[in-house]
Amino acid sequence: MTSVDDLLAALQVTRESLPHDAVDEYRSRLDGVEQQVLTALRTSRDEGAVLAVIAKAREDGSTQIQNCLTSLDELIASAGNHW
């Protein structure tokens, strides 16, 4: 049985692990992706280079989001149905 205090403590741990600065980091990474794409377009018309940069940004963002969701899923599963 999980007490409310235990659940609140677990929520606090999860809250502290969430990337609160993710918005700024995401914006910064997208700026970096934009620069890499522009560089790739200036130096060649290689579609593969542009797509690789975009795919890397997508993968990084997806991984970060998935890690947060996994933490929340684990917390919810640990709470069970009994308080």
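Worth saying up front: this structure is predicted, and the values here are computed from it rather than measured.
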Q. How many angstroms lie between NZ in K56 and CG in L51, if you round to the nearest 0.5 Å?
A. 15.5 Å
Q.
If you define the side chain from C-beta out and look only at heavy atoms, does anything of T63 sit under 4.5 Å from Q66?
A. no
Q. Are there more than 12 heavy atoms of other residues, nucleotides or ligands under 6.0 Å from atom CD of Q12?
A. yes
